[in-house]
Structure formats: C-alpha cells, structure tokens
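Keep in mind that this is a model prediction, so the values were computed, not measured. In what follows, chains carry the letters A, B, and so on, assigned in the order in which the sequence lines appear, proteins first and then strands, with residues in each chain numbered from 1.
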Amino acid sequence: MSKYHFNDIEGKWQEIWREKKTFKAENNSEKPKYYVLDMFPYPSGAGLHVGHPLGYIASDIYARYKRHQGFNVLHPQGYDSFGLPAEQYAIQTGQHPATTTEVNITRYREQLDKIGFSFDWSREVRTSNPEYYKWTQWIFLQLFESWYDKNLDKARAIEELQVVFSSEGNLKTNAVCDDEIEHFTASEWLEFSEVKKQEILLKYRLTYLAETEVNWCPQLGTVLANDEIVNGVSERGGYPVIRKKMKQWSMRISAYAQRLLDGLDKIDWPQPLKDSQTNWIGRSKGASVRFNVKEHDAKIDVFTTRPDTIFGVSFMVLAPEHDLVSKITTLEQKEAVENYIEATAKRSERERMADVKTITGVFTGAYAVHPFSGEEIPVWIGDYVLAGYGTGAVMSVPCGDQRDYDFAKHFNIPIPNIFKDADIAKEAYSDKENTVITNSDFLNDLNYKQATEKIIAALEEKGVGEGKINYRLRDAVFSRQRYWGEPFPIYYKDGMPQAVPTECLPLHLPEVEKYLPTEEGEPPLGRADNWSWDEKNQKIVANVSLSAVEGDDNGIYPLELNTMPGWAGSSWYFFRYMEAAKRDEVFASKEALDYWQNVDLYIGGSEHATGHLLYSRFWVKFMHDRGLVPVEEPFKKLINQGMILGESAFAHRIEGENTFVSTSLVKNKTTQPIHADVSFVNISNELDIEAFKNWREEYKNAAFITEEDGTFKVSREVEKMSKSKYNVVNPDDICEQYGADTLRMYEMFLGPLEQAKPWNTAGITGVHGFLKKLWKLYHSGENESFYVTDEAASKDSLKTLHKTIKKVQEDIENFSFNTSVSSFMIAVNELLSQKCNSREVLEPLAILISPYAPHIAEELWEKLGHTESISTAPFPTFEKMYLVEANKKYPISFNGKMRFTLELPLDLTKDQIESAVMAHAKTAQYLEGRRPKKVIIVPGKIVNIVG
RNA sequence: GCUCGAGUGGCGGAAUUGGUAGACGCGCUGGAUUCAAAAUCCAGUGUUUUAGGACGUGCGGGUUCGAUUCCCGCCUCGAGUACCA
C-alpha cells in the first residue's frame, strides 16, 4: 500500500476496532469519567442522509478528544424505536412494526459503521425492546405510586399520603393535585369505600387518569401533546387537530414547573433553548380573585397579573367551556349561549388561531359582584378566553388591556378609566411602570407596585383572593390510541386503575391482527385476544366475556388499551446506557449511576426544546426525589447542531405542455418548476437529459429546449434534505467515493456546528485533497513509501506544530470544529514546503488529527511503529516556547492611522518603548512634517503617535 | 404582535478584553505537466483607480487616535411563540 487507499484503510480499522472492542467504556476505572451523548435516532425507513451524522461526528470528535486527554469516556448509541411511522406503514402493509423496525435498524447500523464512530455498541438500547420498556413501565408505576408534597417540594410515596390521610385527613395536606378536591377528616377517610379512596388518591398521583380536554387528531386517530402540534396541525402528517374531552392519562409535570425553571440556571445550554423552555413554562405573577355571582352561590375564580386594576373591572368573561356557564346563564340568554358554545366547539384549533381578529361573545345574563365596590358586573362568555389557561375566566379591565378594550368597544360596554392622565380614547393603557391609579377607592394615588401589594393584602384579609403565581405549563397527556408503543402496566378493577405488580414487568405488547382502532373506536390493543389481567395468578390471560370481567369474583380484569407516547422511552434512556452489564434486576445499578452521574455533553437538534428536553428533565427530577438517581438534571452541557440542508434542482416545464426549458430561457414563459433528482445534475447545473427521461414514465417523451451550447440547465434552491424533494445525498456514496475521514472533516468544515448550512458536494475536493497531502507528508519517493526519520525537526516545523496544537485544542474546546480543519490544512501545507519528515513533529500531528480523521490517523500511527490504538495516546501539549520570537513587531499609528511597524526587542518597559518610538518617529518620513507630540501605548496592542 | 438570533467577496465562511478585514476551502483566470483529459503543481482573484492611492463588513448616526467588534435609531432575513388575562 503506497498511495492513500482510504477504502482499504477505513475497512481495516473499522474491523480492528470492532474486534478489539477499542471503544468499550469501563464502569470501573481510575480515570475520570466523561459522558458524551447524541440524541438517539428514530430508525426511519428512508435511512440516513448526510445531514443526520453531523451531530454524531461532532460528538465523536469530542469523545475521542476526551479519550486522548485521559478520560474514561462513555459514548453510546441506540434507537428510539417506538413511533408513528412504523405503525402507519404497518397499517398500510400489514407488516408487523417490529419487523420493519428491525430492518431499518440494521440499515442504520450499516450506515453508521461506515463513518467510523467510536460508539460503545455493547450498551445499545432500543426503546421497543421488552428488556428496555420493562423499565419504562416500571418508572411509570413509580410515578403512579407518588404524589407531590409542596411543603417538602418533592415527590413522595403514595403510601405516605395514605398514612397522612388516616391520621389527619387532607385538611392540612399541601399537595399538587386536581383542582376540585373535597376535604375530609381522618375518620371520614377511614369510612370511605375502597373505590372512593382510590378515586381520591388518583387526584394526587403524579400520573393520573382524568377527563381532560385533549388535542384530538381524527386522521391519526390519537391524541397529541401540545408540543406535537405545530401551527394548529399535527407535527407528523400535518392533519387538523380538534379539542375534545376524553379520559386520558396525564403526567403532573405542572408540579415541577418552578423547579424546571430554576434548574435552567444550573445547566450550560444555549440561551435560545433555555428561553423557549422558560417561555413554555410561562410563569406569571399576580393574584387570584373570587367574585360572587349575584343570586347564585357560585363563585367565579379568576387569575390576573394586574390585581391593582381591580376597580377598572367593568365585565367578566368566561371561556365557553367553563363549568359555570351552564349554571349561571339566565333563561333569556340560554339559547344564545348554547348556540355560541356549539359554534365555537365546531371550530378547529387552527381556525380559532387563524382568526384572532373577529371579536365574538355572548352575555350570560348573570352578574358578578365586585368584592370591594359591590358593583354588579355583567358576565359574558367569549372565545378569546381560553379554558386551558389560568382558571378559564378573566376579570376584564378594558382601560388596561387591549383585548378587553376591543371586546368592550365591540359590545358597547363601559370603559372606566382608572389611570391618572392616561388617554384611553383610542386604545387601552397597558404601561404599568409609569402610571398612578385613580378612581380606585383605597388604591388612589398609588403606583403599580404599591397598589399591587396593598390590594393583595386586602384580598387576603377579606378572604376573596390571594397572591398567586400561575404557569402556562399544563400537565402532559400521556396516553396514545396507538399500537406501537409501551403498554401501560395498568388494569381496571371497579373502574379504578390498578398497578400491575412490578415483578410482573415487562407487560409484553400483545399481538393484534390489524393495527387500526376497533369498530367500537377503541385503540388497537382492543383487538388483542390476550389482554386481560388475572389478578390472582398475576399474569396476562385471554379476554373473558364482558359480564365475567365485570363480576369481581373470577379476579380477571381488563388491561389498559392505550399505549405510551414517544417521549416515554426517551425520557430516561441515558441512564440505561450506564448499566454496562444490562442487568435485568435494575434499570441501572447504583454504582453505575454514582459513577457516571449525568450526561456531560449532549448533542442534538433544537426541535426537542419543549418536548424531549423538558420531559427528560421532569422525569429526572422525579427520579431524584424518589431516590432512584443521584442527579437532578440529565444533561449538563447541550449543543444544538444545525441542520444540513439540501440543494434541490428544478427543471422548468412549460405550463400545460410536456416541454422543459433551460433556466436562462424561462423568462418569457409560464413555467412550473419540477423537482429533478440531484444525482442527474452536475456541478455546472447541467441536467443529464437521458437519465431524467428514464426516471419517470411521464418524462419519457418530453421535449427539451436547451441553451445555445446544447446543454440543459436547472435552477437550484436550498431546501430541507428530504426524499420527497429528491435532494438527498447519501453518506454511503460519499464514503465510497472519498472516504469516511473526508466525509467527517468536510461536514465539520461546512460551517459552524450550530448553524444551518447547505450541503454542496462540489466543495468536498478541498478536504479530500488535504487528506491526500497529509498522507504524502508521511510518505515520499517515487512509490510513496513510508518515510519518517528520527532526526530533529526544524524550528519552523516545530513552530507549525505548536501553533496547530494551540489552535486545534482551543477549537475543540469551543466546538468550532470548522476552523480547526483550516488549521490542519495550513499545517500540512507548511510542513510539506518545509520538507518536514521528523517523527518529533509527525507523531504528535497524527494524534491531533485523529479525532477528526480517525482511520488515517490509526494507519499512520501503526506505521510509526505503535501497536496500541492511537485513541488513547496522550493529546500533545502546547509549548509556548516554540512560538516566541526574538523581536516583536509593534504596529505604529499616527493620529489613528496605521503608518508602519517597528521591530523592537521583547520585554521592553513602557518607557523604553515610548522613547524608542519617539526617536524613530523624529527621523521618520511618516509624519508629514508634523512633530510628534505624544506617544500613547496600549499594552500588547499598538503604539500611537499623536502629532 | 412578542422573544431570540443573524446580515462580511461570485459562494461556504475566518477575524471580538476595539488594533494591518476577507484566514481556509470552493469557484474563476492564467501558467506548468499531458497527444488530450483527469489528477497534480505554481501564480492571481473585494471594488475602483489617473497605479499614488481612494472606497469597502445591511442602512443612518455616535463614542474612540482607531469600530465587522461597543452604544442609539432604522432596514432585511431566519428561528421560536402566539388571544397567556
């Protein structure tokens, strides 16, 4: 082997790494630990394109760098293998999702292996494996068996709550629970029936079953979490979503709102990501106020951020879905109200969002009573008030809130002004900083802050309200009406959910004939024959007839038919990787958890900001509370890699004809752009007409109007890389043609890691040429045989080396991998021109480059006479002495303009520099006859002469 | 609308405690080599020019001896979010 045969080299080393288990992480090590993790992929049928490995390459470079630095690095990989696409495919083809998933995983693995990642595959996880989802189910049960104690601010076992209830009832309990909780004493608790007790406990559990308003997607036949809806349609598929009340499992994530917020200060994440979590949690400070309803014993509970404006209230608005609406509506208004409710219910989420300008609402006929003035306030309903936020009711202060103002104007409701010197003729006055309250009884002449304090005190004293912090974050709906997900370890006895004993886990996903909902509209698991729970024998049994199930004698009960959402398995997988032996008795051993702690570096896309990244933090905090894990945050440092975009090619077709026109000739014609597969197009945007014709039947007989030189050109546009846009570049092809090392370096070279950037295969030759030069640096002569000497390196070569060490080390630590590729190129060019062949320089250089281009580095390392892998060779240390020069060039400016540089010995004092510069300046021609007056020295930077 | 981020050659992008803007790569031009091509190597490549310079980092101001960098006001693009009381 003489030339740079990358295919041979890469195949050889990938094989050796696999055989020798080079990258296996040890759980017992003297070395300090470092945990580098990628967001694990969903194995889709389309396979990987060049955009997918970007983050993996970056994390691999960092993992390899840390190994060189002497760390025991955990760098695992796995698959998030439950999910919608496999199920949709199953519905269409009847193929079991497990089968397609398996095929896709094999394909993914082949592609990943070609790129030369240093993953420890012995720790691989798959969320759809029973050995894995056993623990997802187990964690679910831990949540089911827990409640949130606000006093201790942590989750506790539900048995402890039962103990509290039997000794003192729930009067003193300070827990996060459902709103409409009834109070009871210890003796009352003991009197309650078992079902009643269960009912109450369910309102406290951290995962609970409740009738909730959910986002229902009819096309997908399932509910969606808020983060799975984008612009009012489903994230997957883009189908409409409507609001619907359904009995659903929910996760009481709202209990953790404040801690999820506080924790953000302790982690090193990108600010935009922290901002979007902060936003999503949406903390706002204000007060809750209860208004009595005239001639009813009902109370309207509102949340407001402006309790100081309470004397400006001129009406109230309830969400159409609000529970009180039906109770307080008067007979005269009944029909109007019902019509309105019906009309709003029909509107989909999307319509409602698209149409925010139309003001609609109906008067209920009822009046609330102002708690201080005693005034009667009309109660309206309107869809600008959302049932899901706050209490679903607002006190409207039209002079201070634009939406209230618009509503009042529209319905001719009075707009009393309570702001001194504020003009509210045209719009509401919402500035709270520069305002003084007036017309407000005991709040007169106070500013926002003073008035707020005073009114909260007054509300509390009167018992009609209190200061309150409200969060936008809502409990997360946890059930999906799907097949391909984790089954709930839950069965129903007397209509109440019961936990399947943890010893019986995993509760295996049953087989079904079809992956569609049942005729009765039940989820696909309703089709399973074996899906009932035999309580006595603790096992799954065949379904028995309904009457037998309802009779509690035989001890056989129906199992839950929903499955868990995609984020269940991904909320804790990083702990499973820690368990080297993949033991079945624990999700991860205590020793492993204590040793690996949390993920030091996590790399993945920003699209998970309010989904996976929030849910994981929630589960980890919960697991910490229950003593299951030592850490409170899963990911210490996080980096969002930007997407690699594709460059789509468009051939222009004349409207209504089967004739295509080359790009420069489209001007005067009406054409439509048609995606052409990018593989038919060369660097100069010329289309291979024959290939294009053969691509599709409909283009077979198409005519082509070419340029004058006979070529046919397409136009280009940057789009997301996707199969449907025919702009996918396959990493396998790049590896085949240029090698994995080239692919790795080029992906880094494309631009900053965190930025979106288009893929351009044309540019890859630069990086590939560099690797060829690198190879040449270690080989010389006619047949390019290996040539490295033990002679001392030249001063220049050492300078080049150390300059590169410094830069590359800084770059890796700052994650600016793109600029270090440049440094390597400069270094190789310099060393080649210096004809450097000294081991003293070439050995450290191989280590430097090995995180980026591991295969060629291993090959060179072996040729340098090493028998061990380069992967743990110590990273070279930068020696400043090689960069220091005898003299230093001082840039000199005159009146701010750069004039010349002056070379002076090192280590001069400020005074010495000043007199040397002055002496030089007096004899110099630069000053245009003017005499230098003053020398200004900015240490380390510049010497300035003022004339 | 609100929040955040970004605007630098033909292109991707370098450069920040304020100090010679355009590193490195692509592309392009010229040359060497070749029967020719590919590959490789060498030189050039912001604009303009009367060849000394002048102008240049989205636009307009400001601070400074000096601003891509800091401050104020705009414009454009991107991302997130959206009746949040």
Mind calculating the distance between [atom1] ([X]) and [atom2] ([N]) to the nearest angstrom?
X: A/Leu645; N: B/A79; atom1: CG; atom2: P; result: 10 Å
X: A/Asn760; N: B/G13; atom1: CG; atom2: P; result: 11 Å
X: A/Trp280; N: B/U81; atom1: CH2; atom2: P; result: 7 Å
X: A/Met745; N: B/G13; atom1: CE; atom2: C1'; result: 16 Å
X: A/Glu607; N: B/A79; atom1: CD; atom2: C1'; result: 12 Å
X: A/Lys468; N: B/C84; atom1: NZ; atom2: C1'; result: 13 Å
X: A/Asp406; N: B/A85; atom1: CG; atom2: P; result: 16 Å
X: A/Glu647; N: B/G27; atom1: CD; atom2: C1'; result: 13 Å

Is [X] touching bases, backbone alone, or none of the nucleic acid, heavy atoms closer than 4.0 Å?
X: A/Asn818; answer: sugar-phosphate
X: A/Asp275; answer: sugar-phosphate
X: A/Val385; answer: base
X: A/Pro752; answer: sugar-phosphate

Distance check, [atom1] atoms only: [N] and [M], in whole angstrom units.
N: B/A15; M: B/U20; atom1: P; value: 14 Å
N: B/U17; M: B/G7; atom1: C1'; value: 24 Å
N: B/C83; M: B/A79; atom1: C1'; value: 22 Å
N: B/G61; M: B/G56; atom1: P; value: 11 Å
N: B/C71; M: B/A21; atom1: P; value: 22 Å
N: B/U63; M: B/U76; atom1: P; value: 28 Å
N: B/G80; M: B/A85; atom1: C1'; value: 22 Å
N: B/U45; M: B/G25; atom1: P; value: 14 Å

Side-chain donor or acceptor of [X] paired with backbone N/O of [Y] under 3.5 Å:
X: A/Ser816; Y: A/Asn818; value: no
X: A/Asn470; Y: A/Gly286; value: no
X: A/Thr364; Y: A/Val379; value: yes
X: A/Arg744; Y: A/Tyr852; value: yes

Distance-only check: which donor-acceptor pairs under 3.5 Å involve side-chain atoms of residues 604-612 of chain A, not counting sequence neighbours?
from     : atom 1 : to       : atom 2 : distance (Å)
A/His612 : ND1    : A/Ser570 : O      : 3.3
A/His612 : ND1    : A/Ser616 : OG     : 3.2
A/His612 : NE2    : A/Tyr602 : OH     : 2.8

Original post:
Which of these nucleotides, B/G25, B/C83, B/C41, is closest to any side-chain atom of A/Lys773?
Top reply: B/C41
Original post:
What's the closest nucleotide to the A/Arg472 side chain, out of B/U40, B/U81, B/C24?
Top reply: B/U81
Watson-Crick/G-U partner (both atom distances under 3.5 Å) of [N]:
N: B/U47; result: B/A54
N: B/A36; result: none
N: B/C65; result: B/G19
N: B/G30; result: B/C42
N: B/G78; result: B/C4
N: B/G12; result: B/C24
N: B/C59; result: B/G73

Original post:
Which sits closer to the 5' end of RNA chain B, A/Gln271 or A/Thr819, going by the nucleotide each is nearest to?
Top reply: A/Gln271
**OP:** Assign each of A/Tyr389 and A/Ile826 to its nearest nucleotide of RNA chain B by heavy atoms, then name whichever residue's nucleotide is nearer the 5' end.
**Re:** A/Ile826
Original post:
Are a donor atom and an acceptor atom from the side chains of A/Gln271 and A/Asp275 found within less than 3.5 Å of each other?
Top reply: yes
Subject >> Pair listing, salt bridge (Lys or Arg N to Asp or Glu O under 4.0 Å) test, anchored in residues 393-404 of chain A, at least two apart >> reply: A/Asp401-A/Arg403
With a 4.0 Å cutoff (strictly under), does any side-chain N or O of [X] reach OP1 or OP2 of [N]?
X: A/Gln402; N: B/C83; answer: no
X: A/Thr305; N: B/C84; answer: no
X: A/Arg403; N: B/C84; answer: yes

Original post:
Where does B/G10 fall, syn or anti, if syn means a chi angle no more than 90° from 0?
Top reply: anti
Subject >> is_close_aromatic(A/Tyr746, A/His768), centroid dist under 6.0 Å >> reply: no
